[in-house]
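Heads up: the structure comes next, in structure tokens.
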There are 2 protein chains.
Amino acid sequence: MDSVNLKKLSSILGLSVSTVSKALRDSYEISEETKERVKKIAKAYNYQPNIYASSLRKAKSKTIAVIVPRIANNFFISAIDGIQEVAQEKKYHVLIYLSHESYEYEKELVQSFASGRVDGMLISLTRETNDMEHLRQLVNNGIPVVFFDRVSTELDCSTVSTNDYESAFEATEHLIKAGCKKIAHCRISNKLSIGQHRLNGYRDALEKHNLDFHSKYVVKCSDNDVEDYKTIKTLLKDKDRPDGLFTAVESYTLIAYEVCRELGIKIPQDLKLITFSNLRTAGLLDPSLTTITQPAFEIGEKAAAELISAIEKPRYFKPENIILKSVLSPRDSTN
Amino acid sequence: MDSVNLKKLSSILGLSVSTVSKALRDSYEISEETKERVKKIAKAYNYQPNIYASSLRKAKSKTIAVIVPRIANNFFISAIDGIQEVAQEKKYHVLIYLSHESYEYEKELVQSFASGRVDGMLISLTRETNDMEHLRQLVNNGIPVVFFDRVSTELDCSTVSTNDYESAFEATEHLIKAGCKKIAHCRISNKLSIGQHRLNGYRDALEKHNLDFHSKYVVKCSDNDVEDYKTIKTLLKDKDRPDGLFTAVESYTLIAYEVCRELGIKIPQDLKLITFSNLRTAGLLDPSLTTITQPAFEIGEKAAAELISAIEKPRYFKPENIILKSVLSPRDSTN
DNA sequence: TGCCGCATGGAAAACGTTTTCGTAAATCGT
DNA sequence: ACGATTTACGAAAACGTTTTCCATGCGGCA
């Protein structure tokens, strides 16, 4: 109701508004005794500065935006957890937005930030995004952007991601070494950096081991479980069914598990499975799931740290493309 | 760089600042032609209002805060997903904070909102919180609060939760009907509403079926996986080991799975397991896991809807205690 | 004594909106 | 044709800070 503001405080203290403001911010212009007196009263009245006034004046809000395609996803959750960790430590506030894989909505969001709602933005692009103009505008407006996971190098911004190509290569090779001859890949939109890199890693591993690349073994999945279910079922019902499957994201593999149950396909005897995944229960599944785990938390931490550097040291900040390695954990699904 | 503001727009248009402002907000005071002209130019220059100025003036920010103990948790994720859904539809911005189960930090956060950073707050309390004074202050300051999941009825605020008591009762009864005689319960802090209700449901189900309540079968778990691992291992190594286990939250059961593997305890032959859980892979575990699933998404949606009502219709708003039912899905872990 | 510099504090502008109030011209009713 | 109302717009205050600039009093110094 009656939140105290500087004016009230100053009249209580018999000082001017500016003196109180300076005292609270430890200005050298104010004597120690006055500072103490002011702070004591401020605490007593539980004074909380109005951040809209102060942000307006300072043109800084200590707030960052995070845009992710979705939140019900183990990777993004851990990444956000990492972001929160460093944001909290550096006293930043975090606004979270879900683009739901819609480029239009992403664009709208990004544009709304141009007026300074946030000091910086972290983003993982939608599957549809292939035009960076909205982001370029933001950057030109002086608001730093850092990409994570689904990145673009088109702009002069930092990116934080994992070694997608190498990990996909390694995953595919893992299947080959386990004896697979007909390896399929469920890929994600190739508008995405990760989609391309993971597909390339897969393809090159096949080539290295003299296995043919069959386009019928590369299926494009969406972000709709029902559709993906059909896609994967079709793939696995084929009479020339694959004996190994490498999926670009976790959800495709979980669907594959369900399809296999339904079709009576035995994992790993009939089909070996490996996926990029941050599933906590990978080791408890039936059978346990071989995963390539991205350092999601660290990716989030690193991305947030980059962003805050860009915000706070604009002069000295140099954008970097940071790669954090994923690790392959062999389990029964490829045994 | 050079973001346009009202002053620039008005000088471009040859109108006053106030006219432009009113035109953009569709005021009845402005003629249709002027409105159109203004809007066209505003769009052309990609005008984005400075929300700090406007929030300062209007004392409204179209922003809500969400405080959850942690984010790496399937229940909270889904709830946040639901919150985002309605916030986005109603054009609210969502600030997310993690209390990390620290009462002190929760208090600090809540106090910082008193100055009007947000128009309202959604909160799921920490395990430690047993004093509501900080929340009462916020409410007295005219900022509505809605509790979800870990609620308190001490304040005159809406709460959204599930039927914890009945579900716990049902879960325990489910174990009894499956033939368990020695049923243990991993409980969560009894400072929490859900901790108490779930424990009571468990106890009353035992009583109804004439099974003794043994305090050694009720173990208090924390939020630290390492500690909880020890606690659960001790429980399951006892020579008079339980033959059924009902855990208050998902993570305890996942730990139990691991402990059982290590000790060679067979689920469900030696130990039947049931838990509150929002795990997507419950059906894919080895063995598949019987769960009581809370309608997390809907809880989030409902909580956000309540909050926005409280914000936008303060006169007509009546706080309610809303209960959304959980559903028990029997699977192999209690078979 | 006269001057300078320092320490401490205050007055007022500024941030970009929204909103209240005023005013001129146009329209209306009789 | 006259006052009353309506229409369309502008001037200026207000929101609560931060910051720039100025004022005062004091001690030190030559």
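Because the structure is a prediction, the values reported are computed rather than measured.
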- Hey, does B/S21 reach any base, or is it just sugar-phosphate, or nothing, if we go heavy atoms under 4.0 Å? base
- Item | For atom NZ of A/K35 and atom P of C/dA7, their distance in whole Å | 12 Å
- Under 4.0 Å between any heavy atoms, over every strand shown, what does A/T34 touch: base, sugar-phosphate, or nothing? Just pick one. sugar-phosphate
- Among C/dT19, D/dC9, D/dT18, which nucleotide sits nearest the side chain of B/I30? D/dC9
- Message: side-chain hydrogen bond (donor to acceptor under 3.5 Å, both in side chains), that's the test. Do A/S112 and B/Q48 meet it? Break it down for me.
- Response: CA-CA 6 Å; A/S112 80; B/Q48 297 285 347; 5.7 Å; no
- Please tell me which of the listed nucleotides, D/dT19, C/dT17, D/dT17, lies nearest to the side chain of B/N50? C/dT17
- Where the side chain of A/L56 is defined as all heavy atoms beyond and including C-beta, which of D/dT17, D/dG10, C/dG16 is the nearest nucleotide? C/dG16
- Query: Think A/S54 has a side-chain N or O under 4.0 angstrom from the OP1 or OP2 of D/dG16?
  - Reply: no
- Shortest non-hydrogen pair, B/H134 vs B/V110, comes out as O-CG1, 3.5 Å
- Here the distance between atom P of D/dA14 and atom CG of A/N5, to the nearest Å, is 14 Å
- Separation of atom CG in B/L13 from atom C1' in D/dG10, rounded to whole Å: 14 Å
- Atom-to-atom span, CD of B/E32 to P of D/dA8 - whole angstrom: 9 Å
- Query: Quick one: does B/R57 reach the base of C/dT17 with a side-chain donor-acceptor pair under 3.5 Å?
  - Reply: no
- Message: Do B/S115 and A/N50 pair up side chain to side chain, a donor and an acceptor below 3.5 Å, judged on atom types alone?
- Response: no
- Between the side chains of B/S21 and B/S18, is a donor N or O closer than 3.5 angstrom to an acceptor N or O? no
- Query: Looking across every strand, which nucleic acid part, if any, lies under 4.0 Å from A/L15 by heavy atom: base, sugar-phosphate, or nothing?
  - Reply: sugar-phosphate
- Task: Starting from the 5' end of DNA chain C, give me the residue, B/K22 or A/K22, whose nearest nucleotide shows up first.
- Result: A/K22
- Please state whether the rings of A/F76 and A/F148 are parallel, tilted or perpendicular, taking 30° and 60° as the class boundaries. perpendicular
- Message: Tell me the interatomic distance from B/L6, atom CG, to D/dA11, atom P, rounded to whole angstroms.
- Response: 15 Å
- May I have the distance from A/K60 (atom NZ) to C/dA14 (atom C1'), rounded to whole angstrom? 18 Å
- Hey, is the side chain of A/S18 pairing donor to acceptor with the base of C/dA11 inside 3.5 Å? yes
- Do A/S124 and A/P69 come within less than 4.5 Å of each other through their side chains, counting heavy atoms only? yes
- Base, sugar-phosphate alone, or nothing: which one does B/S31 contact when heavy atoms must sit under 4.0 Å apart? sugar-phosphate
- Message: Please pick, from C/dT17, C/dG9, C/dT19, the nucleotide with the shortest atom-to-atom distance to any side-chain atom of B/K58.
- Response: C/dT19
- Message: Can you see if the side chain of B/R25 gets near the phosphate of C/dT19 - specifically, an N or O under 4.0 Å from OP1 or OP2?
- Response: yes
- Item | Residue A/V17, side-chain atoms from C-beta onward, closest of C/dG16, D/dT17, D/dA11 | D/dT17
- Please determine if a side-chain N or O atom of B/S16 lies less than 4.0 Å away from the OP1 or OP2 oxygen of D/dG10. yes
- Nearest-nucleotide pick for B/Y47, side chain only, options being D/dT17, D/dT19, C/dT17: C/dT17
- In whole Å, what is the span from the CD atom of B/E29 to the C1' atom of C/dA25? 16 Å
- Query: Do A/K8 side-chain and D/dG16 base share a donor-acceptor contact under 3.5 Å?
  - Reply: no
- To the nearest Å, give me how far apart CZ (A/R37) and P (C/dT8) are. 14 Å
